[in-house]
Amino acid sequence: MPAALDDPFYYLNNFHTLLGWISERYSDLLEVEEQSFIECFSALPRGSQALLVRMVMRKGTLFRASKLNYAEIGDTLKAAAPLAELGWVDEAPQLELAQLFGLLTLAEVDACFGKAQGRKAERLEALRDQHPQPRTFADWAPASRDRVYALTLMDLCDRLRLMFFGNLYQDWSEFVLADLGIYQYEKVEIDATARGFRERADLEYYLHLHRCRERFEAGDDLDEVLTAIPRKPHTNPWLDARRRKLLFQIAQHCERCGQFGPALELYSTCEYAGARVRRIRVLERYAAYADAFDLAQAASEQPESEEEQQQLTRILLRLRRRLGLPRTLPAERAPIRRLDLTLPLPSEPLSVEHAVLLHLQEERAPVHYVENTLLNSLFGLLCWDVIFSALPGAFFHPFHSGPADLLSPDFALRRAELFSARLAQLDSGEYKASIRHTYVAKMGLLSPFVHWGNLSEELLGQALACLPAAHLKACFLRILAHIKANRSGLPDLIQFWPDEQRYRLIEVKGPGDRLQDNQLRWLEYCTQHGIPVEVCYVQWADA
């Protein structure tokens, strides 16, 4: 067991670390309630501190005392008393019938309400109308010697967690997973002023959007949810991206439900990537072909990405047919090499990619299943120090697997000089030593690009021997141009001829399978840049 977990209060130590981090970096943003909590928490007996943290780190806010048995804490009732005095724990909360059922076993339900047939869910429905009023646990189950605690400050703890992580999807388990060595993070020198939120209003804005998302996902009235979402762009680009994404997702929901009017309005105002194409498609479904054509034509003059350009090309062809306009000939593209194979149907479950791999495998021409892992990993290894450079706003806690602004439009621009210097190694030949050094020095550390489980020393050696620097640079520049879109869509297999220092990429398609748009974009890019790539179409001989 790691040394950090030898101490039975390891989780409490981690919580103190979090509170210390927040006090150091967010003292000017803390409200009175939060400041009071941090001060009072430190003054509590150790057992009470530990019990509170145990509850905070568990799911829900209702806990039976009998389920809070921890050797290092000892007497649960004694530890809970100071928490109740502070109002942080309610020792006799009012419980709705559904909440009670969530705490009881079926046998205990029988003890409280008499034996009957059916599962707990069925019993709950049968009893719901008979017991509409909430009661304390003691009133519901007078024969039980147990008691129930309700944690009253989960909202406050969520705010503290948000300050620390800058999001609500990471939780307290990050500390434990790091202590266990399951997750290993790059150590970035984080400035004492580094933090995810610059002012209190930013924090409240994030929480407000989070509540709006929860209401939307819970199926609340859509008009009320939309009224609550700010329409004016936020000055913080990171927060505004969250707002735009939520509006885009609501627009998608409206489109799926056939609510084309609201969908059009949201798509036209949210300014989220992909919204313009969705708006054009809704206009098509409206049969507003002329309007759709005008918007598509204007968009094609300044496409926001390769993906949009690809979609607009198809849309304009379709709309020209609809409107009876002359068809424009698409630009000529270099043909993509095709490999046709007829293979015996595998006797055991085997993916078509691995069937092709086994068929093509030779001692002097090894084949590896790499898909999106190899080229991304080589990029991540070469540019490791650039990716993990401590720019303002990039890192603000110890549990970042990559920079917070990784998918921001200005990610590469902010690091342009650093990336330029690192990619210049591909021109000088230094890149091989850099990649090998990083491979050894950073082995196992989390990265948004490096896939350690798929990158053996053998594969790395063959890749560095056979992949020309010019091809690597072309691929790295494309990944960097649009990280979110271009980290995926790469061919499934790679085959090396080490003796000849050459290779080929192979995209595999089984019977009836079609190339996806992101795969087509990579195939065309590779062909344009002289990168050897083929599409292998497989038929089963025994099918």
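Quick note: numbers below take in every heavy atom, side chains included, and nothing from hydrogens, waters or symmetry partners. Everything numeric in this text was worked out from a predicted model, so none of it was measured. Index from 1, following the sequence.
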State which residues pass salt bridge (charged side-chain N to carboxylate O under 4.0 Å, His left out) with [X]; sequence neighbours excluded, sorted by chain then number.
X: Glu91; answer: Arg147
X: Arg242; answer: none
X: Glu85; answer: none

Residues in side-chain contact (heavy atoms from CB on, under 4.5 Å) with Ala412, at least two apart? Leu480
Hits for side-chain contact (heavy atoms from CB on, under 4.5 Å) against Gln94, two or more places apart or cross-chain, chain-then-number order -> Pro134, Thr136
Presence of salt bridge, [Y] and [X], under 4.0 angstrom:
X: Glu108; Y: Arg64; answer: yes
X: Glu125; Y: Arg128; answer: yes
X: Arg414; Y: Asp405; answer: yes
X: Glu265; Y: Arg231; answer: yes

Considering residues, nucleotides and ligands other than [X], do more than 12 of their heavy atoms fall under 6.0 Å from its [atom1]?
X: Lys245; atom1: NZ; result: no
X: Phe113; atom1: CZ; result: yes
X: His131; atom1: NE2; result: yes

Check whether any side-chain heavy atom of [X] sits under 4.5 Å from a side-chain heavy atom of [Y], and report yes or no.
X: Leu209; Y: Pro230; answer: yes
X: Pro403; Y: Phe411; answer: yes
X: Arg135; Y: Leu97; answer: no
X: Leu153; Y: Val89; answer: no

Under 3.5 Å, is there a donor-acceptor pair linking the side chains of [X] and [Y]?
X: Tyr185; Y: Glu174; value: yes
X: Ser351; Y: His354; value: yes
X: Asn518; Y: Ser488; value: yes
X: Asp171; Y: Ser173; value: yes
X: Arg213; Y: Gln249; value: yes
X: His368; Y: Gln462; value: yes
X: Ser305; Y: Glu307; value: no

With sequence neighbours left out, which residue pairs that include part of residues 17-40 fulfil the salt bridge (Lys or Arg N to Asp or Glu O under 4.0 Å) condition? Asp28-Arg195, Glu31-Arg200, Glu33-Arg159, Glu34-Arg159, Glu34-Arg200
Just grab all the salt bridge (Lys or Arg N to Asp or Glu O under 4.0 Å) pairs involving residues 66-80, residues at least two apart or on different chains. Arg54-Glu72
State which residues pass ring-ring contact (aromatic ring centres under 6.0 Å, His included) with [X]; sequence neighbours excluded, sorted by chain then number.
X: His253; value: Phe216
X: Phe388; value: Trp384, Phe395
X: Tyr431; value: none
X: His482; value: none

For [X] versus [Y], what's the shortest heavy-atom pair and its separation?
X: Asn372; Y: Gly489; result: OD1-N, 3.1 Å
X: Glu189; Y: Ala390; result: O-CB, 3.5 Å
X: Arg487; Y: Pro448; result: NH1-O, 2.9 Å
X: Ala65; Y: Asn69; result: O-OD1, 4.3 Å
X: Met57; Y: Tyr11; result: CE-O, 3.8 Å
X: Cys254; Y: Leu222; result: SG-CD2, 3.6 Å

So, taking the atom named [atom1] in [X] and the one named [atom2] in [Y], what distance separates them when rounded to the nearest 0.5 Å?
X: Lys120; Y: Arg123; atom1: NZ; atom2: CZ; answer: 11.0 Å
X: Leu19; Y: Phe164; atom1: CG; atom2: CZ; answer: 10.0 Å
X: Ile22; Y: Leu29; atom1: CD1; atom2: CG; answer: 11.0 Å
X: Leu266; Y: Leu226; atom1: CG; atom2: CG; answer: 5.5 Å
X: Gln130; Y: Gln133; atom1: CD; atom2: CD; answer: 14.0 Å
X: Ser23; Y: Ile38; atom1: OG; atom2: CD1; answer: 3.5 Å

In sequence, state the C-alpha distance, the side-chain angles, and the governing distance for Phe137 and Ser144, and then conclude on side-chain contact (heavy atoms from CB on, under 4.5 Å). CA-CA 9 Å; Phe137 185 78; Ser144 175; 3.6 Å; yes
Taking the six-membered ring for Trp, are Phe197 and Trp238 closer than 6.0 Å centroid to centroid? yes
Are the aromatic rings of Phe399 and Phe175 close, with centres under 6.0 Å apart? yes
Is it the case that the side chain of [X] and the backbone of [Y] share a donor-acceptor pair, with hydrogens and angles ignored and the cut-off at 3.5 Å?
X: Asp146; Y: Ser66; result: yes
X: Ser420; Y: Ala416; result: no
X: Thr61; Y: Thr152; result: no

Quick one, Leu460 with Ile435, criterion side-chain contact (heavy atoms from CB on, under 4.5 Å). Give me CA distance, side-chain angles, the key distance, then yes/no. CA-CA 9 Å; Leu460 179 64; Ile435 288 175; 3.8 Å; yes
Determine, stepwise, if the pair Arg215 / Glu224 fulfils salt bridge (charged side-chain N to carboxylate O under 4.0 Å, His left out). CA-CA 9 Å; Arg215 291 176 59 192; Glu224 293 182 6; 3.8 Å; yes
Do the ring planes of His210 and Tyr206 sit parallel (below 30°), tilted (30 to 60°) or perpendicular (above 60°)? parallel
Verdict with supporting geometry, Leu103 and Leu95, side-chain contact (heavy atoms from CB on, under 4.5 Å): CA-CA 10 Å; Leu103 297 166; Leu95 303 175; 4.1 Å; yes
Contacts satisfying ring pair (Phe, Tyr, Trp, His ring centres under 6.0 Å) that involve residues 33-92 (not counting sequence neighbours) are Phe15-Phe41, His16-Phe41, Phe37-Phe41, Phe37-Trp88
